[in-house]
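Take a look at the structure below.
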Amino acid sequence: MKNLSLLSELLESSSTACELFIKSEIALNDGEIEICQKFSKEGQQLLKTLISDTFIEFNEFYDLDIQECLDYDYPNNMELIKSLTILSKFIGGLIGSDDEKIEIMYAKNVIKSINTVKEIYIALYEN
């Protein structure tokens, strides 16, 4: 009962957002503020699209009412990167699952990861 096109879109987009935020952090560490801001803005725009579109599609497809988030210290870009990486890991597990119980377990973890990414994004960029 998987929607592989939705899962691949989610995997590609979340991995790309993760890459953009990593590039932003690297540029910041190198003192390249304009490049940091460029990559950060691109990551923010991609996450905004994910939140308003792909995340909703995933939640509607699996129709699981989960409000929980994964544990994290406090909202910052490294926690956002970590959460996007965990999201990608769970999507990969979901794609590879061939048992319905395992698929639901991974889907629940994907939703928790989505909730975490949204919560951190909102705390960092929507306030």
Side-chain angles (χ1 to χ4, degrees):
M1 176 177 138
K2 290 179 239 174
N3 182 337
L4 290 179
S5 64
L6 174 62
L7 292 175
S8 74
E9 178 186 347
L10 187 55
L11 181 58
E12 181 180 6
S13 297
S14 61
S15 297
T16 300
C18 185
E19 178 184 13
L20 290 167
F21 285 113
I22 289 170
K23 286 180 176 182
S24 174
E25 288 295 310
I26 291 170
L28 180 63
N29 288 338
D30 290 343
E32 298 172 342
I33 304 302
E34 288 179 20
I35 295 171
C36 167
Q37 291 172 335
K38 173 188 175 283
F39 286 126
S40 179
K41 185 72 171 171
E42 289 176 20
Q44 289 172 52
Q45 290 171 336
L46 182 52
L47 271 184
K48 192 171 191 170
T49 301
L50 278 167
I51 289 169
S52 66
D53 182 40
T54 314
F55 287 174
I56 292 170
E57 284 181 52
F58 184 89
N59 285 329
E60 288 173 351
F61 184 81
Y62 278 97
D63 195 29
L64 299 168
D65 185 29
I66 297 172
Q67 305 302 316
E68 297 169 62
C69 290
L70 302 173
D71 289 334
Y72 64 93
D73 285 337
Y74 58 92
N76 62 51
N77 275 342
M78 293 308 291
E79 287 289 354
L80 183 57
I81 291 165
K82 181 179 87 176
S83 298
L84 286 164
T85 302
I86 292 169
L87 173 60
S88 297
K89 176 182 74 172
F90 287 137
I91 295 166
L94 180 56
I95 290 170
S97 67
D98 57 0
D99 178 271
E100 188 175 336
K101 289 180 185 178
I102 293 172
E103 179 181 348
I104 296 301
M105 179 198 70
Y106 274 114
K108 288 178 181 179
N109 284 319
V110 167
I111 292 171
K112 289 177 189 177
S113 298
I114 286 171
N115 292 344
T116 307
V117 167
K118 284 176 18 183
E119 185 173 285
I120 294 171
Y121 171 83
I122 290 167
L124 291 175
Y125 300 112
E126 295 285 318
N127 287 331

Do you know which two heavy atoms are closest between [X] and [Y], and how far apart they sit?
| X | Y | answer |
| --- | --- | --- |
| Leu94 | Ala107 | CD1-N, 4.1 Å |
| Leu87 | Ser14 | CD2-CB, 3.7 Å |
| Ser13 | Leu50 | CB-CD2, 3.5 Å |
| Ile91 | Leu10 | CD1-CG, 3.4 Å |
| Phe21 | Ser40 | CE2-O, 3.9 Å |
| Ser83 | Ile120 | OG-CD1, 3.6 Å |

What pairs of residues pass the salt bridge (charged side-chain N to carboxylate O under 4.0 Å, His left out) test when at least one of them lies in residues 108-127, not counting sequence neighbours?
Glu68-Lys112
Do Glu79 and Asn77 pass the side chain to side chain donor-acceptor pair (under 3.5 Å) test, and can you show the C-alpha distance, the side-chain angles, and the key distance before you say yes or no?
CA-CA 5 Å; Glu79 287 289 354; Asn77 275 342; over 6 Å; no
For Tyr106, I'd like to know if atom OH has over 12 heavy atoms of other residues, nucleotides or ligands within 6.0 Å.
no
Could you tell me which residues satisfy salt bridge (Lys or Arg N to Asp or Glu O under 4.0 Å) with Glu25, sequence neighbours excluded, listed by chain and number?
none
Do Ser5 and Asn3 pair up side chain to side chain, a donor and an acceptor below 3.5 Å, judged on atom types alone?
yes
Glu103 and Tyr62: side-chain donor and acceptor closer than 3.5 Å?
yes
Go through it in stages, so that I can follow the logic: the residues are Ser15 and Ser88, the test is side chain to side chain donor-acceptor pair (under 3.5 Å), and I'd like the CA-CA distance, side-chain angles, deciding distance and then a yes or no.
CA-CA 7 Å; Ser15 297; Ser88 297; 3.3 Å; yes
Between Glu34 and Lys38, does at least one N-O distance fall below 4.0 Å, as a salt bridge requires?
no
